[in-house]
There are 2 protein chains.
Amino acid sequence: MFQLSKKVEYGLIVLRHMAMKPRGQVFTAKELANEYEIPYELLAKVLQKLAKSGIVVSMQGVKGGYALGQKPEAIIVSDIIRVIEKERPMLAGCYVDGPLSCSIFDICTIRKPLEKIQKNINSLFDKMTIQEIV
Amino acid sequence: MFQLSKKVEYGLIVLRHMAMKPRGQVFTAKELANEYEIPYELLAKVLQKLAKSGIVVSMQGVKGGYALGQKPEAIIVSDIIRVIEKERPMLAGCYVDGPLSCSIFDICTIRKPLEKIQKNINSLFDKMTIQEIV
DNA sequence: TAATATAGGACTACTGTAGTCGTATTTATG
DNA sequence: CATAAATACGACTACAGTAGTCCTATATTA
Ligand code: SF4
Ligand code: SF4
């Protein structure tokens with residue numbers, strides 16, 4: 001309960017790896033997967049999502065691979081999660097899927113109070129960048 | 001991803017309900033379940049766990065039920081979650097199940113940095129009491 | 001043209017969560 | 001003392017989401 005998904009963890013690990021090396025260096029999904037013992041196909045998909053959003057840039061073909069698309073201090077953990085998981089970490093299902101997703105939405109008494117915690121959690125993930133985990 | 005379980009939500013809802021009424025008042029699982037449209041059997045189990053830990057006190061038999069076991073301002077959200085879910089909300093699986101639970105534990109580079117966020121999340125849940133959501 | 005890399009959809013296996021059911025025990029009350 | 005109303009609790013089922021795999025297409029270099 002409450003854990004980051006493996007995909008997010010894998011994303012953070014490889015982004016950190018890239019951030020440690022000289023700017024612009026290119027890494028293949030294969031070598032990253034080997035280095036951190038991550039299932040290759042799974043990591044490939046994570047990188048593809050990160051590429052679509054511009055967090056990394058991708059180069060196809062022989063000698064292709066991925067490089068950081070932004071400076072490490074500009075890559076926000078919150079954005080990484082949103083790119084990989086579609087949305088930020090949310091305490092309650094209704095925050096993500098709306099009123100219709102919960103049968104007791106209108107009589108729920110904790111929805112609003114929990115928003116206070118939600119807001120604080122948001123700001124935690126918003127404040128942390130890849131630079132901070134290098 | 002990252003959501004509180006329904007059991008925890010149900011627990012929070014009924015504890016808040018109890019906290020709003022005069023101290024010592026007794027509620028049956030049935031009436032609480034009806035009031036908030038929560039599956040009775042499920043809520044019953046949640047209340048049983050809360051009772052075992054002393055957050056509520058239970059009385060068996062006819063005219064039995066549950067009453068708050070502590071003052072609302074002494075009931076910490078963090079404790080409620082731990083009682084219902086066995087442990088507090090954790091960002092990473094290895095924080096809960098130890099090194100052996102993750103195959104890349106020794107080469108993981110994000111485990112320690114994430115502890116910073118974990119600590120902050122812990123303190124959020126530690127600081128909130130039932131009194132605050134009444 | 002061959003080799004190497006990303007792109008991406010489809011699929012499977014597994015795990016954890018939500019919810020249900022059945023039964024035992026306790027206790028107030030007529 | 002019998003009955004009804006309540007908690008206690010283990011076993012079970014159904015479902016949804018996650019992790020991981022597989023297959024094929026496309027791009028690029030040499
Ligand atoms: S409405 Fe209340 S119970 Fe339903 S998902 Fe939102 S917070 Fe949870
Ligand atoms: S070791 Fe790293 S990857 Fe494994 S669970 Fe802990 S944080 Fe996640």
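Note on naming: letters A, B, ... go to the chains in the order of the sequence lines (proteins, then strands), and numbering restarts at 1 for each one. Note that the structure is a prediction, hence the values are computed from the model and not measured.
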For residues 9-31 of chain B, which residues have at least one heavy atom under 4.0 Å from DNA chain D? Thr28(B), Ala29(B)
In this structure, how many angstroms lie between the P atom of dT7(D) and the NZ atom of Lys49(B), rounded? 17 Å
Below the 4.0 Å mark, does dA6(D) have OP1 or OP2 next to a side-chain nitrogen or oxygen of Ser58(B)? no
Asp126(B): what forms a side chain to side chain donor-acceptor pair (under 3.5 Å) with it, not counting sequence neighbours? Ser78(B), Arg88(B)
Looking at residues 76-93 of chain B, who's got a heavy atom less than 4.0 Å off DNA chain D? none
Check: Phe105(B) main-chain N/O paired with Arg111(B) side-chain donor or acceptor under 3.5 Å: yes
Would you mind telling me which of dA18(C), dT26(C), dA3(C) lies closest to the side-chain atoms of Lys6(B)? dA18(C)
In this structure, how many angstroms lie between the P atom of dT15(C) and the CD atom of Gln3(A), rounded? 14 Å
Atom CD of Glu37(B) and atom CD1 of Ile107(A): how far apart are they, to the nearest 0.5 Å? 3.5 Å
Please determine, for the side chain of Gln60(B), which listed nucleotide (dA5(D), dA18(C), dT26(C)) has the closest atom? dT26(C)
Between the two ends of the helix from dT1(C)-dA30(D) to dG30(C)-dC1(D), what is the bend in degrees, rounded to 10 degrees, where each end axis spans five pairs? 10°
May I ask you to check whether Glu85(A) and Ser5(A) show a side-chain donor-acceptor distance below 3.5 Å? yes
DNA chain D contacts made by residues 38-45 of chain A, counting heavy atoms under 4.0 Å: Pro39(A), Glu41(A), Leu42(A), Lys45(A)
Atom CD1 of Ile121(A) and atom CD1 of Ile117(B): how far apart are they, to the nearest 0.5 Å? 10.0 Å
What's the separation between atom OG1 in Thr28(B) and atom CD in Glu35(B), rounded to the nearest 0.5 Å? 11.0 Å
When rounded to the nearest 0.5 Å, the distance separating CG of Leu15(B) from CE of Met20(B) is 13.0 Å
Under a 3.5 Å distance rule, please check whether Lys49(A) uses its side chain to pair with a backbone N or O of Ile84(A) as donor and acceptor. yes
Met59(B) CE to dT25(C) C1', in whole Å, measures 17 Å
Atom-to-atom span, CE of Met1(A) to C1' of dT18(D) - whole angstrom: 17 Å
Rounded to whole angstrom units, what separation is found between the CZ atom of Phe2(B) and the P atom of dG17(D)? 18 Å
Under the 3.5 angstrom rule, does the side chain of Asn120(B) hit a backbone N or O of Lys116(B) as a donor-acceptor pair? yes
Roughly how far apart are His17(B) NE2 and Leu12(B) CG, rounded to 0.5 Å? 14.5 Å
Sequence-distant partners of Gln118(A), side chain to side chain donor-acceptor pair (under 3.5 Å), two or more places apart: Asn122(A)
Considering only NZ, NE, NH1 and NH2 on the basic side and carboxylate oxygens on the acidic side, decide whether Glu132(B) and Lys127(B) come within less than 4.0 Å. no
Report the nucleotide, chosen from dT18(D), dT28(D), dT29(D), that has the shortest atom-to-atom distance to any side-chain atom of Lys63(A). dT29(D)
Can a salt bridge be assigned to the pair Lys6(B) and Glu9(B) using a cut-off of 4.0 Å between side-chain N and carboxylate O? yes
In terms of ring plane angle, is the pair Phe2(A) and Phe125(B) parallel, tilted or perpendicular, where the classes change at 30° and 60°? perpendicular
Measure the distance from CD on Gln48(B) to P on dT26(C) and round it to the nearest whole Å. 14 Å
Nucleotide nearest Tyr66(A) when distance is taken to its side chain, options dT17(C), dT18(D), dA7(C): dA7(C)
What's the CD-P distance between Glu37(B) and dG19(C), to the nearest Å? 13 Å
